[in-house]
Amino acid sequence: MGIITSKDWGNYGKVLGFLDQGKGSEINRTYPYSEGFAKSSDVYSITTRIARLGKTIPWVLETVKGDMVEEITSGVLYDIINNPNSKQSRAEFVELALLYLTLSGEAYTQNSSSIGFEDLPHSLKLLNPQLLDISTVRVDSEYIVSSYRYDGIEGELNNQSVDQVKYANPTIIGHQTTRGISPLVSGYLTLKGLNNNQSANASILENQGAAGILSNEGDYALTGKEREREQSAIDKFIAGVRNFGKVIQSGAKVKFTRLGLDPTQLKIIESKQLKFRDLCSIYDVKSILFNDPVNASFNNLTNAEKSLWTNAVIPNTELI
């Protein structure tokens, strides 16, 4: 098929009618960041927790000499592990790499080496997957990378200087572009539901206003102008979050009428927890760690913490 790039997919796929051009498609590499990390507190909480725990895992460099294992505490490789580049410590490097991995499903590094010592880089820096375009070419039944374009510029990267770690991606796009798949692509509907739920919840709280009204129980009905005047006064007093739960006092013979959320609004708020559990399942973490009250007990919390390390933090950090 020749050379395939992400740009080609965008053009050919649209013409053929089989490629999803929506926010949650595989070729939309900004979606996990713009719709997930930047807008969803749930995605932010899960991915940053994995990344911030992962950066605390110590890296120990050892060498095997016969039957003995010795720890190495100096040298070029030791230095690059602890300070991958001039701007990042190992912890900072690992944290950002884990964020790229858990959001994009892939992470890339560019290594710099001295002439004659290409096998031993002296620095490593992370490449933002959102800015990286990859061209591939088919060799027999496999696709291999032919060139890179970073932030629109070609020629800065080559196959010898770039390394990739990724989640397995068995889709056709994944096979032909050699790219990983973001968990948020598979969880697109879950994330969309969470974001819509948060918007609806915020709107309900913003517009709910007062908790009740004290109304006139006199024998005479209000005229049109009086109703307008009273309505204007009510709107002024009850609108906005600042009046949430407030009761409005009247100077006439009154009765109290309770205002509250209707069953549909309550279901909207309650449904968020179910969607959040789905998101936690995508990242193989337990929702109890993020204040989900279901099955909340000390033993369950302890087991959830262990599961977080064994199923999410350690495996992802090992990839890095």
Residues that Asn169 engages under side chain to side chain contact (heavy atoms under 4.5 Å, CB included), provided they are two or more places apart = Glu26, Thr171, Ile181
At their closest point, which heavy atom of Lys65 faces which heavy atom of Glu70, and how far apart are they?
-> NZ-OE1, 3.6 Å
For Val60, the other hydrophobic cluster members (4.5 Å side-chain criterion, sorted by chain and number) are none
May I ask you to test the Trp59-Val94 pair for a side-chain heavy-atom distance under 4.5 Å?
-> yes
Could you go through the side chain to side chain contact (heavy atoms under 4.5 Å, CB included) check for Leu61 and Leu77 one step at a time?
-> CA-CA 8 Å; Leu61 183 62; Leu77 189 54; 3.9 Å; yes
Are any non-hydrogen side-chain atoms of Leu194 and Val43 less than 4.5 angstrom apart?
-> no
What's the spacing between Leu301 CG and Lys306 NZ if we round to 0.5 Å?
-> 11.5 Å
Distance in Å, Ser146 OG paired with Asn159 CG, rounded so as to fall on 0.5 Å steps = 8.0 Å
Could I get the full list of salt bridge (Lys or Arg N to Asp or Glu O under 4.0 Å) partners for Asp292, not counting sequence neighbours?
-> Arg277
Would you indicate whether the side-chain heavy atoms of Ser40 and Glu35 approach each other to under 4.5 Å?
-> no
Distance in Å, His122 NE2 paired with Asp79 CG, rounded so as to fall on 0.5 Å steps | 12.5 Å
Start with the C-alpha distance between Arg29 and Asp133, add both sets of side-chain angles, then the distance that settles salt bridge (Lys or Arg N to Asp or Glu O under 4.0 Å), and finish with yes or no.
-> CA-CA 10 Å; Arg29 295 192 301 276; Asp133 287 305; 2.9 Å; yes
How far apart are the closest heavy atoms of Gln110 and Glu156, and which atoms are they?
-> NE2-O, 3.8 Å
Mind running salt bridge (Lys or Arg N to Asp or Glu O under 4.0 Å) on Arg49 and Glu305 for me, showing each step along the way?
-> CA-CA 11 Å; Arg49 185 155 193 170; Glu305 288 281 4; 3.3 Å; yes
In sequence, state the C-alpha distance, the side-chain angles, and the governing distance for Glu106 and Tyr108, and then conclude on side chain to side chain donor-acceptor pair (under 3.5 Å).
-> CA-CA 7 Å; Glu106 57 185 3; Tyr108 296 86; 2.8 Å; yes
What pair of heavy atoms forms the shortest contact from Ile320 to Ala107, and how long is it?
-> CD1-CB, 4.5 Å
Side-chain contact, heavy-atom cut-off 4.5 Å: Phe276 with Thr190?
-> no
Donor-acceptor side-chain pairing of Gln176 and Tyr143 below 3.5 angstrom = yes
Under the side chain to side chain contact (heavy atoms under 4.5 Å, CB included) criterion, do Asn195 and Leu191 qualify, and how do the steps go?
-> CA-CA 6 Å; Asn195 286 347; Leu191 177 57; 3.9 Å; yes
Sequence-distant partners of Lys87, side chain to side chain contact (heavy atoms under 4.5 Å, CB included), two or more places apart | Asn85
Would you mind reporting whether Tyr148 and Leu132 have side-chain heavy atoms less than 4.5 Å apart?
-> yes
Heavy-atom closest contact (Arg179 atom, Pro129 atom, distance) = NH2-O, 3.2 Å
Would you please name every residue forming a side-chain hydrogen bond (donor to acceptor under 3.5 Å, both in side chains) with Asp284, sequence neighbours left out?
-> none
Hydrophobic cluster partners of Val69 (side-chain heavy atoms under 4.5 Å) | Val64
Do Ile144 and Val137 come close enough that some side-chain heavy atom pair is under 4.5 Å?
-> yes
Is any side-chain heavy atom of Ile134 less than 4.5 Å from a side-chain heavy atom of Thr136?
-> yes
Any residue meeting side-chain hydrogen bond (donor to acceptor under 3.5 Å, both in side chains) with Thr63, in chain and number order, not counting sequence neighbours | none
Can you give the donor-acceptor pairs under 3.5 Å from side chains of residues 96-105 to other protein atoms, not counting sequence neighbours?
unit_1: Thr102; atom_1: OG1; unit_2: Leu98; atom_2: O; d: 2.8
unit_1: Thr102; atom_1: OG1; unit_2: Leu99; atom_2: O; d: 3.4
unit_1: Ser104; atom_1: OG; unit_2: Tyr33; atom_2: OH; d: 2.5

Roughly how far apart are Asp163 CG and Leu124 CG, rounded to 0.5 Å?
-> 8.0 Å
Search all heavy atoms of Leu126 against all heavy atoms of Phe93 and return the closest pair with its distance.
-> CD1-O, 3.4 Å
Could you verify whether a donor N or O on one side chain and an acceptor N or O on the other, from Asn28 and Thr30, lie under 3.5 Å apart?
-> yes
Test item: Arg149 side-chain N/O and Asp151 main-chain N/O as donor-acceptor pair under 3.5 Å = no
When you look at Asp42 and Ser45, which way does the side chain to side chain contact (heavy atoms under 4.5 Å, CB included) test go after all the steps?
-> CA-CA 5 Å; Asp42 300 312; Ser45 298; 5.7 Å; no
All heavy atoms of Leu184 vs all of Tyr31, minimum pair found to be O-OH, 2.8 Å
Distance-only donor-acceptor hits, side chain of residues 51-58, under 3.5 Å, sequence neighbours excluded:
unit_1: Arg52; atom_1: NH2; unit_2: Tyr44; atom_2: OH; d: 3.1
unit_1: Lys55; atom_1: NZ; unit_2: Glu95; atom_2: OE1; d: 3.1
unit_1: Thr56; atom_1: OG1; unit_2: Leu53; atom_2: O; d: 2.6

Please identify each residue that fulfils side-chain hydrogen bond (donor to acceptor under 3.5 Å, both in side chains) with Gln130, with sequence neighbours left out.
-> Asn128
Set of side chain to side chain contact (heavy atoms under 4.5 Å, CB included) partners for Glu92, sequence neighbours left out = Gln88, Ser89
Any side-chain hydrogen bond (donor to acceptor under 3.5 Å, both in side chains) involving residues 310-320? Give me the pairs, sequence neighbours left out, ordered by first then second residue.
-> Tyr167-Asn316, Ser307-Asn311
How long is the gap from OH on Tyr78 to CG on Asn83, to the nearest 0.5 Å?
-> 9.5 Å
If you draw a 6.0 Å radius around NZ in Lys125, do more than 12 non-hydrogen atoms from other residues or ligands fall strictly inside?
-> no
Rounded to the nearest 0.5 Å, the CG atom of Asn82 sits from the OG1 atom of Thr73 at a distance of 10.0 Å
Can you find a pair of side-chain heavy atoms, one from Cys280 and one from Ile46, that are under 4.5 Å apart?
-> yes
